[in-house]
Amino acid sequence: MKTQLALILTLLLGLSTSLNAQQEPRTFHKNIYVELLGSSLLAGANFDMRLRSNRIDGIGFRAGIGGLPSSMFKYSSLDIGVVTFPLEFNNVVGKNRNSFISGIGILPAYATASGNHNGDLVQEDGFGLLGGFFNLGYRLQPKRNGGFMMQATWNPIILNGTGLKLGWIGLGFGIGFK
């Protein structure tokens, strides 16, 4: 009796191990890319990931860093530098390489200002919420294990205190992988 019970348990354990070995491992599609213009303002680097395993489409998120160097943005005689941290909740529609991407996000930023303004020396910095943004566009991404990805998006931006701006076209180039 003990031998039969041991044999049945061994067979069940072997069967369950065999079934688990045949399942596809849970992997999440990811993209790492640089963005010119877009919601990072001038330029940025981003990490994007789908939240459903083994899919290149569906709901996901993006986190990045970008901004404007102080030498490019002058207000009066002030040098103003901005580092942005775009955070986005997005959706990719299309199970093939060609997809439509849409998203909504917030734009936290760290800014510095230095120089003379009305005869006073100014030296300020701080962290805050610059505004929010939308993202609508086209994405080309690898369907399998990895490769080139690119996207072109229209990015309307809502800046605090100034309202909706039409935004501009952002271009992203990078790699996609699981």
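Numbering starts at 1 and runs along the sequence shown.
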Roughly how far apart are Lys178 NZ and Lys143 NZ, rounded to 0.5 Å? 9.5 Å

Contact check, side chains of Ile175 and Phe148, non-hydrogen atoms, under 4.5 Å: no

Taking all non-hydrogen atoms of both residues, which atom of Ser99 and which atom of Asn96 are closest, and how far apart? OG-O, 3.5 Å

Any idea which heavy atoms bring Leu87 and Ala63 closest together, and the distance? CD2-CB, 3.9 Å

Is Gln151 close to Leu140 at the side-chain level, that is, under 4.5 Å between some pair of heavy atoms? no

Side chain to side chain, Arg50 and Asn90, heavy atoms closer than 4.5 Å: yes

Any non-hydrogen side-chain atom of Leu41 less than 4.5 Å from a side-chain atom of Val82? yes

Connecting only ILVMFWY residues whose side-chain heavy atoms lie within less than 4.5 Å of each other, what is the rest of Val34's hydrophobic cluster? none

Rounded to the nearest 0.5 Å, what separation is found between the OG1 atom of Thr84 and the CG atom of Leu68? 7.5 Å

Examine the side chains of Ser114 and Gln123 and answer whether a donor and an acceptor come within less than 3.5 Å of each other. no

Please report the interatomic distance OG(Ser39) to CD1(Ile104), rounded to the nearest 0.5 Å. 12.0 Å

Is it true that, when you exclude Phe28 itself, more than 12 heavy atoms of the residues, nucleotides or ligands shown sit nearer than 6.0 Å to its CZ? yes

Report the residues that fulfil salt bridge (charged side-chain N to carboxylate O under 4.0 Å, His left out) with Arg52, sequence neighbours left out, ordered by chain and then residue number. none

Any side-chain heavy atom of His29 within less than 4.5 Å of one from Ser53? no

Is there a side-chain contact between Leu171 and Leu37 (heavy atoms, below 4.5 Å)? no

Can you get from Ile157 to Leu42 by hopping between Ile, Leu, Val, Met, Phe, Trp and Tyr side chains that sit under 4.5 Å apart? yes

Please name all residues satisfying side-chain hydrogen bond (donor to acceptor under 3.5 Å, both in side chains) with Arg97, sequence neighbours left out, ordered by chain then number. none

Sequence neighbours excluded, the answer for side-chain contact (heavy atoms from CB on, under 4.5 Å) partners of Ile59 is Leu51, Phe89, Asn91

Between Leu130 and Ala109, the two heavy atoms sitting closest are CB-CB, 4.0 Å

Gln141 side chain to Asn31 backbone, donor-acceptor under 3.5 Å: no

Transitively linked via ILVMFWY side-chain contacts under 4.5 Å: Leu107 with Trp168? yes

When clusters are formed from ILVMFWY side-chain contacts under 4.5 Å, directly or step by step, what else is grouped with Val92? Ile101

Taking transitive links into account, so neighbours of neighbours count too, which hydrophobic residues share a cluster with Tyr33 at under 4.5 Å side-chain distance? Met149

Criterion side-chain hydrogen bond (donor to acceptor under 3.5 Å, both in side chains) against Arg139, the qualifying member of Asp57, Asn98, Asp48: Asp48

Can you see which heavy atom on Asn46 is nearest to which on Gly64, and at what distance? OD1-CA, 3.4 Å

Run the side-chain contact (heavy atoms from CB on, under 4.5 Å) check on Tyr138 and Trp154 step by step: do they pass? CA-CA 9 Å; Tyr138 166 79; Trp154 175 56; over 6 Å; no

With sequence neighbours excluded, what pairs up with Asn135 under the side-chain contact (heavy atoms from CB on, under 4.5 Å) test? Glu88, Thr153, Asn155

Residues that Asp125 engages under side-chain hydrogen bond (donor to acceptor under 3.5 Å, both in side chains), provided they are two or more places apart: Tyr110

By side-chain contact (heavy atoms from CB on, under 4.5 Å), which residues pair with Phe47, not counting sequence neighbours? Lys30, Ile32, Met49, Phe61

I need the full list of salt bridge (charged side-chain N to carboxylate O under 4.0 Å, His left out) pairs touching residues 104-115, with sequence neighbours left out, sorted by first then second residue. none

Hits for side-chain hydrogen bond (donor to acceptor under 3.5 Å, both in side chains) against Lys95, two or more places apart or cross-chain, chain-then-number order -> none

Partners passing side-chain contact (heavy atoms from CB on, under 4.5 Å) against Leu129 (at least two apart in sequence or in another chain): Ile106, Pro108, Asn160

Given side chains that start at C-beta, do those of Phe133 and Pro86 come closer than 4.5 Å, heavy atoms only? yes

